[in-house]
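Along the sequence shown, residues are numbered consecutively beginning with 1. First listed ligand is number 1; within each ligand, the first listed atom is number 1.
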Amino acid sequence: MFKTRMTQMFGIRHPIMLAGMNWITEPKLVAAVCNAGGLGLLAIARCTPQETRESIRQIRQMTDKPFGINQILIGPGAKENIAVAIEEKVPVINYSLGKPWFVNDVHAYGGKVVGTIAIAKHAAKAVQMGCDALVITGHEAAAHGAAATSMVLIPIVASMVKVPLIAAGGFYDGRGLAAALALGADGISMGSRFMVVKESMVHDNFKILCIEATEQDTLYGNVFDGMDGRVLKTKEAQAMLKRGFPVVDAFRGALLIKRLMNLSFAKFLGVSIEMLRAEEGHPLMVLARQAVGNMKHLKALTEGDVEGGILFAGQCCGGITDNPTTKELIDRVISEAETALANMNSFKA
Ligand SMILES: Cc1cc2nc3c(=O)[nH]c(=O)nc-3n(C[C@H](O)[C@H](O)[C@H](O)COP(=O)(O)O)c2cc1C
């Protein structure tokens, strides 16, 4: 058993978080993680406000444990989705990519706000804005890590801020949990590892691809959804890297997203302008690029199209070798971490 500031703050048994993953961290997986003692996050960036509310209520039917939501703040629908999560008094609100305007509203009902950062100087800013804890994403991670690896980023941030830290990027077993605690974190967040569990909706073809991948089998670049990010090395991902940005596809994709999310043209333009003003200065075309990336991502997840699909995935796929239940995985990570810590200083010449 590990008692850390993370387990204490969120009222959970184990210092393990299910990273928010659009389309993947749905109610069933979230509840499975919570019931196994971790903290499950429902990713709501793809949801309409009504879907967000329904999913939150579904989770509450499947578990009485604390859980959270994850929302990318720069996309369409972020304001409406966060408002629903606040109305529903979700215990943990985790955001990425943007500035939180809702900290006081979450604190008012006793909830916690968890910011996600990939650059050390953003950690101090997030704490100033009122975040209760931070997810620190290293370069190894699936999707949007920046240049620094977890090994470098965690101790730097641990020396800068006093709030609980959750290490993300490259963690898939108990040795990683022990290492994260040693580096100054209070627990870990796992994305890629939780894609390959029984309760995950990821198509078997991609689960097998993750299991077969080595640590060399991911690609990092900004062509996949417009921001620097990491995906599994598929045929389509390699082709995207080679040919650069597909302008026509991107506009088609952006219009599709507009339709799916029921946005008026005025709203669509408003969101785009907001994105121009976002902290990292994301260009207007990011939305269009995201649309293309999302379509290929969805194709991978639901159809198992290993030729035409792309899947965000981290370097730690090289260490993933099985498809356990969520509970088996969490119990195993905890017992491996206990063993790793016990063995650390046990060598006798
Ligand atoms: C398929 C997939 C989808 C993701 N979607 C999101 C998302 O919607 N919001 C977000 O903040 N991070 C997202 N991420 C990043 C994860 O939250 C997490 O930071 C990352 O997976 C950690 O690295 P790891 O894969 O090495 O564990 C996604 C990751 C994957 C693999």
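- The shortest contact between atom 4 (C) of ligand 1 and any protein heavy atom is with Met21 CA, 3.5 Å.
- When all heavy atoms of Asn94 and Val114 are compared, the pair lying nearest together is ND2-O, 2.9 Å.
- Closest protein heavy atom to atom 19 (O) of ligand 1: Thr137 CG2, 4.1 Å.
- In the vicinity of Ile24, heavy-atom distances shorter than 4.0 Å reach the ligand 1 atoms 1 (C).
- At a heavy-atom cutoff of 4.0 Å, ligand 1 is contacted by no atom of Thr116, backbone or side chain.
- With respect to atom 13 (C) of ligand 1, the closest heavy atom belonging to the protein is Gly20 O, 3.0 Å.
- Two residues are said to be in side-chain contact when any heavy atoms from C-beta on lie closer than 4.5 Å; Lys296 and Thr234 fail this criterion.
- Cluster annotation: Phe171 and Ile12 are assigned to distinct hydrophobic clusters (Ile/Leu/Val/Met/Phe/Trp/Tyr, side-chain heavy-atom contacts under 4.5 Å, transitive).
- In terms of heavy-atom proximity, Lys207 sits nearest to Asn323 at NZ-OD1, 3.6 Å.
- How far CZ of Phe312 is from CE of Met195: 10.5 Å, rounded to the nearest 0.5 Å.
- In this structure, the separation between CG on Leu311 and NE2 on His203 is 12.0 Å, given to the nearest 0.5 Å.
- Between Val163 and Cys131 the shortest side-chain heavy-atom distance does not fall below 4.5 Å.
- The protein heavy atom nearest to atom 18 (C) of ligand 1 is Ala19 CB, 3.6 Å.
- Scanning all heavy atoms of the two residues, the minimum distance from Ile16 to Val333 falls at CD1-CG1, 3.7 Å.
- Of the protein's heavy atoms, Ser192 OG, 2.6 Å lies nearest to atom 25 (O) of ligand 1.
- Of all the atoms in ligand 1, the ones that sit under 4.0 Å from a non-hydrogen atom of Phe312 are 1 (C), 2 (C), 30 (C), 31 (C).
- Judged by the shortest distance from any of its heavy atoms, Gly170 lies inside the 4.0 Å radius around the atoms of ligand 1.
- To the nearest 0.5 Å, atom CG of residue Leu153 and atom CD1 of residue Ile136 are 6.0 Å apart.
- In this structure, the side chains of Asp132 and Phe10 stay at 4.5 Å or more apart for every pair of heavy atoms.
- Close contacts between ligand 1 and Gly169 involve ligand atoms 22 (C), 23 (O), 26 (O) [criterion: under 4.0 Å to a heavy atom].
- Proximity to Cys316 (heavy-atom distance under 4.0 Å) selects the following atoms of ligand 1: 26 (O).
- Looking only at heavy atoms of the protein, atom 21 (O) of ligand 1 is closest to Gly191 CA, 3.4 Å.
- Every atom of ligand 1 is numbered from 1 in the order shown, and the set under 4.0 Å from a heavy atom of Ile72 is 7 (C), 8 (O), 9 (N).
- At a 4.0 Å heavy-atom cut-off, ligand 1 does not touch Ala45 at all.
- Using a 4.0 Å cut-off between heavy atoms, His297 contacts ligand 1 through its side chain alone, with no backbone atom that close.
- Residue contact check for ligand 1: Met190 places a non-hydrogen atom closer than 4.0 Å to it.
- The minimum heavy-atom distance between Pro155 and Val152, with the atom names listed, is CD-O, 3.5 Å.
- With hydrogens left out, the protein atom closest to atom 8 (O) of ligand 1 is Asn22 N, 3.1 Å, a heavy atom.
- The residue Val135 has no part lying near ligand 1, judged by heavy-atom distances below 4.0 Å.
- Closest to atom 9 (N) of ligand 1 among all protein heavy atoms lies Asn70 OD1, 2.9 Å.
- Residue Ser96 touches ligand 1 through its side chain alone, judged by heavy-atom distances below 4.0 Å.
- Atom CG in Leu181 sits 11.0 Å away from atom CG in Leu165 (nearest 0.5 Å).
- A side chain to side chain donor-acceptor pair (under 3.5 Å) with His144 holds for exactly one of Asn222, Asp225, Asp228; it is Asp225.
- Residue contacts with ligand 1 for Leu97 are absent, since no atom lies close enough (heavy atoms, distance under 4.0 Å).
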